[in-house]
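Working notes for the structure below.
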Number of protein chains: 2
Amino acid sequence: MVTINDVAKKAGVSKSSVSRVLNGNFEHMSEEMKNKILRAVKDLNYTPNSVAQSLKKKSTKTIGIILSDISNPFWSGVLKGVQSECMRNGYGLMVSSSFEDPSVEEENILTLRNKQVDGLIVNTTGRNTDLFNELVKEKYPFVFFDRFSNDLQTDTVIVNNILGAKKTIQYLIDQGHDRIAILLYPTENKSPRIDRLEGYKQALLENNFPIDESLIKICDETNGSGIEATKEVLKLSQRATAIFSTNTLLNLEVLMGAKKLGFKVPEDVSVFGYDDYPWVPLLDPPLNTVAQPAYEMGKKATALLIKKMKSGKVQKSKIIQLEPELMIRSSCMAPKKVD
Amino acid sequence: MVTINDVAKKAGVSKSSVSRVLNGNFEHMSEEMKNKILRAVKDLNYTPNSVAQSLKKKSTKTIGIILSDISNPFWSGVLKGVQSECMRNGYGLMVSSSFEDPSVEEENILTLRNKQVDGLIVNTTGRNTDLFNELVKEKYPFVFFDRFSNDLQTDTVIVNNILGAKKTIQYLIDQGHDRIAILLYPTENKSPRIDRLEGYKQALLENNFPIDESLIKICDETNGSGIEATKEVLKLSQRATAIFSTNTLLNLEVLMGAKKLGFKVPEDVSVFGYDDYPWVPLLDPPLNTVAQPAYEMGKKATALLIKKMKSGKVQKSKIIQLEPELMIRSSCMAPKKVD
DNA sequence: CTGAAAGCGCTAACAG
DNA sequence: CTGTTAGCGCTTTCAG
């Protein structure tokens, strides 16, 4: 490995001078010296060791991101946003995944902080409030995204989940549905799940519809739970005429469940899903979903974090809320007169 | 920030001793001292600064991965494999994306090497042979994956693309097809594309079928190009009765193209796609695809790299080839007697 | 304008 | 068994 000393020796100058030109502090340096150094740098193909720089400067120029589950394709889009914003600002990116396990999340945070990453973007499990509080106390910069913490007021970028749910339920009601089921994974401390349920309820209430617990299905996070739940709401004596699925995987299972029962979508039951992808229009039937601006969320979260890191001082925490969008295709229609 | 000095002071010992217990070299240390130190560590909530460790040890315990396009959901599965293998071995992970641009790839490599990551996993654009050769010269550990380089013999983990295509075409031929089109993105230097085309040709040849260039469609990487190509092969005087799509996005566009022309799949035209996902069975129609073991590929590549980094010395380069699997659903059937 | 020297936080000989 | 010392590669006063 070639070091700054090698360059200094080759150019016949001190390493301070080399450091100077590398850092752009050569306003008052003789042209000759500058050129000597630049040539040596090029000849030796030298490039400064960032680890040493980091130790000295107390900044690694890298940020960390902690995902709840890296294998969820939803992150592909947001990672692109994060990545491009990082590159634009000269930051590196470390990624890790908690797999929804709070203790793994804790481990991730500790490791990342040890590695001295300058800041964190986290899609939290919602269970490490104490740790996060400690981070704010020691002024370690981080932002939440996709999920926010009710227990902890801090910078966050999310999409408005209450609104997403509310708009879809309203859409369904406007179509004439009054038995609308909702499927979700256990809410636990996860704000999107809580909020989507909340939006569902708000829409119902505002239309003076009763809230029927038998239409609210919490599915455990195992394969097939959504299929079962679908069958259940479809077998009710007053069965659901529309199903609102709040998760990509659940979307698929609702479709499967309906099919297994011999229900046609949308003729026999309407379904409205969550999250949009290029393949959604090609499903059978083309599915209505609420689309989230994934790329933008990644980009905004990164920008917010970088801004926070730069400004040093603690500012009033900022919550950026993005808008979801209803993608209307052909998986919903007015209910047929109930049998 | 609390440093090893603080701990030493608090425990009333030298920092070497602190370092020793932290690194597990306390076999010959008095119990008392050890406990004193451990207590101080705990009291101060001390955790060693990995940047300083890295500088000293010349190892960052992190690896870098360079993806061709991070927004491709195919990586979700492989990243999970990479991630879990990293965690299991105490490695951190830096990810970046070249967006298929060789000069960005170069930049990524340089940045990552500067940051002293211990090794690289790269899904190469195939255009930086000189740089990679330099890396092997300086014994910088890296492995290719998903795509291999013909110009450069080195450790690689791929799935057998020739086989994937060959099996697909054979399947189609066995069904009675003899006008089989293939759609691909520009092969350039990218081995999977080259190999899938190769497999296509081999299967045809082995069955004594002619290779008809008008059935081989190179689509540029813009939205809709697959739709056009589909229309073209379907409008030929001797039209295709089956279409083999070699890419996730292309799969979708083939389906769209066929639909636009009023062709039913599989009644009017069979289609066989590439890459499998949970949503593929729910497409209209449920699509046959060749599935790649994404998770396993990520895991194997990481394991191979770690092994390589550990063993220090250069070993004979190893190519791990995984097997693709044909997922048979209902997008293919025997061709109707041609009109 | 340039160089010498100190030091970031840690590890690892080397003494004792 | 434990402490002293010398760096890892770089930046940044501080002199000159």
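Chain naming here is simple, since letters A, B, ... match the order of the sequence lines and numbering starts at 1 in each.
- For the OP1/OP2 pair of D/dG9 and a distance below 4.0 Å, the side-chain nitrogens and oxygens of A/T3 include no atom meeting the criterion.
- Ring centroid separation for the pair B/F144 and B/F142 comes in under the 6.0 Å cut-off.
- Between A/D155 and A/K308 there is a salt bridge, since a side-chain N of the basic residue sits under 4.0 Å from a carboxylate O of the acidic one.
- The CD1-C1' distance, from A/I4 to C/dT2, rounds to 14 Å in whole Å.
- Computed from coordinates, the A/N114 CG to C/dC10 C1' distance equals 13 Å when rounded to whole Å.
- If you check D/dC10, D/dT2, C/dC10 against the side chain of B/S30, the one that comes closest is D/dT2.
- Per the geometry, CG belonging to B/N23 stands 12 Å off P belonging to C/dA13, to the nearest Å.
- Checked for salt-bridge contact, B/E296 and B/K80 miss the test: no charged N lies under 4.0 Å from a carboxylate O.
- Rounded to an integer number of Å, the gap from A/K57 NZ to C/dG7 C1' is 16 Å.
- A/E32 and A/R39 are not joined by a salt bridge, as no carboxylate oxygen comes within less than 4.0 angstrom of a charged side-chain nitrogen.
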What N/O pairs connect the protein and nucleotides 4-6 of chain D at under 3.5 Å? Give each pair on its own line.
residue: D/dT4; atom: O4; partner: B/S16; partner atom: OG; Å: 2.8

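- Residues A/A52 and B/M33 both approach DNA chain D. Their nearest nucleotides, taken by heavy-atom distance, put B/M33 toward the 5′ side.
- Contacts of B/V51 with the nucleic acid, taken as non-hydrogen atoms under 4.0 Å apart, are absent.
- The two atoms that bring B/N189 and B/I194 nearest to each other are C-CD1, 4.1 Å, heavy atoms only.
- For the pair A/N49 CG and D/dC8 C1', the interatomic distance rounds to 9 Å; values are reported in whole Å.
- Rounded to whole Å, the distance from CG on A/N5 to C1' on D/dC10 is 9 Å.
- Here the options are A/D146, A/D101, A/T124, A/N123, the test is side-chain hydrogen bond (donor to acceptor under 3.5 Å, both in side chains), and the partner is A/S68; only A/N123 passes.
- Regarding A/Q53, its CD atom lies at a distance of 16 Å from the C1' atom of C/dG7, rounded to whole Å.
- Between B/W75 and B/F145, the gap from one ring centroid to the other is short of 6.0 Å.
- For the pair A/L55 CG and D/dC8 P, the computed distance is 13 Å after rounding to whole Å.
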